[in-house]
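This report concerns only the one structure given below.
Note that ligands are numbered from 1 as they come in the structure, with each ligand's atoms numbered from 1 the same way. Any value given below was found using the heavy atoms of this structure, including those in side chains, with hydrogens, waters and symmetry copies removed. Model, not experiment: these values are computed from the prediction.
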Amino acid sequence: MLPRISATAYLTPLREGGSLPGLMEADDLGTYVVKFTGAGQGPKALVAEIVVGELARALGIAVPELALIEVDAEIGRREPDEEVQELVTTSAGLNLAVDFLPGSVGYDRSFDVEPVVAAAIVWLDAFVANVDRSARNTNLLIWHRSLWAIDHGACLRFHHSWGDVGTFAGSAYHYGDHVLARIGDPRRVHEELAARVTSALVTEVLGLVPDEWLLPDPTRPDARAPQDAAAARSLYTDYLLARLAAAERWLPAEARP
Ligand SMILES: Nc1ncnc2c1ncn2[C@@H]1O[C@H](COP(=O)(O)OP(=O)(O)OP(=O)(O)O)[C@@H](O)[C@H]1O
Ligand SMILES: [Mg+2]
């Protein structure tokens, strides 16, 4: 289970994030980057954050701790900025808290990344079809001299329009757009990482997602969307395990020397 906390104060919006995450304080005295259910891509982005963030952690990739945070609409009403006020009040209830890494800076190429660390991140991103790790928007932070992966909300795009499992499973990955693709070769870690993504692990990470985020999104009707949380968990598992089984279709054609 993810820890459950309650927000006590809204500190500031993080305007570099397109979804307008907010820095908040919680009743455990922690400071968190909160990603809201009412933001652009809706609760599905938060499902992707949990599933991919926790898969990353299980693969040994550094990711900030996650928690489920209860946000009272009153906190939103107190905000002078109208955009923030609307986002926070429409997101009243459960949201996703990402442990804030104070003093972290965005990754740039001057930071030396070990090839095996890069390879694991590239492998994960290819597996979950993450398009959000480009040189322009790396979604990687440097903190305590290590590389930390954040922002997995755009992964698992199949859940925005439930199509054929095989089409997603076999779709190629565009390594050219990935900021770490020249540093780490996913083939070198494939065997080891693929063996860790068992159906038990996938079931475990899906068990961390609140049921309500797995239900059909009334603002985005999709006739093929699973109708309850159990059906959704089982379908996510099918997509992920099918993609793993089709690895030869999305791994780069050849290992680099
Ligand atoms: N855990 C964290 N610790 C410190 N800073 C963070 C953390 N999470 C996010 N940030 C900062 O906030 C910014 C926005 O966060 P994030 O990328 O998760 O939001 P987003 O709205 O999904 O962004 P995008 O525009 O890439 O879709 C990051 O680029 C980073 O600068
Ligand atoms: Mg981002």
Side-chain angles (χ1 to χ4, degrees), residues 2-3 5 7-26 28-57 61-69 71 76 79 81 83-88 90-91 94-111 113 117 121-122 124-125 128-157 159-160 174 177-180 208-209 213 217 220:
L2 290 177
I5 54 180
T8 49
Y10 185 95
L11 303 176
T12 185
L14 293 171
R15 297 216 177 259
E16 58 274 55
S19 71
L20 201 61
L23 197 63
M24 297 189 88
E25 249 165 26
D28 65 350
L29 304 181
T31 305
Y32 296 89
V33 174
V34 176
K35 308 203 88 172
F36 296 103
T37 52
Q41 293 299 319
K44 293 288 178 284
L46 307 189
V47 174
E49 290 275 8
I50 295 178
V51 172
V52 177
E54 295 302 327
L55 283 175
R57 198 186 316 283
I61 296 167
V63 280
E65 293 293 326
L66 301 180
L68 299 174
I69 187 164
V71 177
E79 281 309 302
D81 182 303
E83 195 186 359
V84 170
Q85 192 180 93
E86 194 190 328
L87 178 59
V88 178
T90 57
S91 305
L94 219 49
N95 293 275
L96 184 70
V98 183
D99 191 26
F100 176 60
L101 308 181
S104 58
V105 295
Y107 165 76
D108 69 58
R109 290 214 169 100
S110 65
F111 180 80
V113 181
V117 171
I121 295 173
V122 175
L124 172 77
D125 288 335
V128 298
N130 187 8
V131 294
D132 251 1
R133 210 90 79 188
S134 65
R136 198 177 43 80
N137 185 16
T138 66
N139 290 309
L140 294 166
L141 298 176
I142 300 164
W143 190 62
H144 288 197
R145 296 198 200 91
S146 305
L147 196 61
W148 293 70
I150 59 161
D151 192 4
H152 300 112
C155 305
L156 312 181
R157 58 172 182 269
H159 63 184
H160 295 295
H174 299 289
D177 297 338
H178 197 293
V179 67
L180 299 178
L208 301 173
V209 179
W213 297 352
D217 184 341
R220 297 169 184 79

Legend entry - Close-contact set for ligand 1 against Leu14 heavy atoms, below 4.0 Å: 12 (O)
Legend entry - Taking atom 29 (O) of ligand 1 as the reference point, the nearest protein heavy atom with its distance: Glu16 CG, 3.9 Å
Legend entry - Leu87 versus Leu20, closest heavy-atom pair with distance: CD2-O, 3.4 Å
Inset, instruction - Please could you name the atoms of ligand 1 that Asn137 approaches to less than 4.0 Å, counting only its heavy atoms? - result: 26 (O)
Legend entry - Gap separating the NE2 atom of His178 from the CG atom of Asp132, nearest 0.5 angstrom: 10.0 Å
Inset, instruction - Identify whether the distance between the nearest side-chain nitrogen and carboxylate oxygen of Arg133 and Asp151 falls below 4.0 Å. - result: no
Legend entry - Name of the residue among Thr31, Thr8, Val33, Val71 meeting side chain to side chain contact (heavy atoms under 4.5 Å, CB included) with Met24: Val71
Legend entry - ligand 1 contact by Gly153, heavy-atom criterion under 4.0 angstrom: no
Inset, instruction - Return the option from Val63, Asp151, Leu101, Leu141 holding the heavy atom at the smallest distance from atom 23 (O) of ligand 1. - result: Asp151
Inset, instruction - Mind running side-chain contact (heavy atoms from CB on, under 4.5 Å) on Asn139 and Asn130 for me, showing each step along the way? - result: CA-CA 11 Å; Asn139 290 309; Asn130 187 8; over 6 Å; no
Inset, instruction - Identify which protein N/O/S atoms are less than 2.8 Å from the Mg ion (ligand 2). - result: Asn139 OD1, Asp151 OD2
Inset, instruction - Could you tell me whether Val33 and ligand 1 have an N or O pair separated by under 3.5 Å? - result: no
Inset, instruction - Considering the heavy atoms of Asn139, write down every atom of ligand 1 situated less than 4.0 Å from one of them. - result: 17 (O), 26 (O)
Inset, instruction - Report yes if Pro21 has an N/O atom closer than 3.5 Å to an N/O atom of ligand 1; otherwise report no. - result: no
Legend entry - pair Leu180-Leu147: side-chain heavy atoms closer than 4.5 Å: yes
Legend entry - Options Asp99, Val34, Leu140, ranked by nearest heavy atom to atom 1 (N) of ligand 1, top entry: Asp99
Legend entry - More than 12 heavy atoms from other groups under 6.0 Å of CZ on Arg145: no
Legend entry - Nearest atoms (heavy-atom pairs only) where Ala39 meets Ser19: CB-O, 3.6 Å
Legend entry - Interatomic distance, Glu65 atom CD to Tyr32 atom OH [nearest 0.5 angstrom]: 8.5 Å
Inset, instruction - State whether the number of non-hydrogen atoms from other residues, nucleotides or ligands found under 6.0 Å of Arg220 atom CZ is greater than 12. - result: yes
Inset, instruction - Identify, by atom number and element, the atoms of ligand 1 in contact range of Val98, meaning under 4.0 Å from any of its heavy atoms. - result: 1 (N)
Inset, instruction - Report the nearest protein non-hydrogen atom to atom 25 (O) of ligand 1: residue, atom name, distance rounded to 0.1 Å. - result: Gly18 N, 2.7 Å
Inset, instruction - Just jot down the ligand 1 atoms closer than 4.0 angstrom to any heavy atom of Ser19, in number order. - result: 20 (P), 21 (O), 22 (O)
Inset, instruction - Assign the ring pair Trp143 / Trp148 to parallel, tilted or perpendicular, where the plane angle (0 to 90°) is split at 30° and 60°. - result: perpendicular
Legend entry - Shortest protein heavy-atom distance from atom 14 (C) of ligand 1, along with the residue and atom involved: Gly17 CA, 3.6 Å
Inset, instruction - Report, in ascending order of atom number, the atoms of ligand 1 lying under 4.0 Å from any heavy atom of Lys35. - result: 16 (P), 18 (O), 19 (O), 20 (P), 22 (O)
Inset, instruction - Identify the protein heavy atom lying closest to atom 10 (N) of ligand 1, giving its residue, its atom name and the separation to 0.1 Å. - result: Ile150 CD1, 4.0 Å
Inset, instruction - Locate the shortest heavy-atom distance separating Ala26 from Ile5; write the atom from each residue and the value. - result: CB-CD1, 3.8 Å
Inset, instruction - Nearest 0.5 Å please: distance from the NE2 atom of His159 over to the CZ atom of Arg157. - result: 10.5 Å
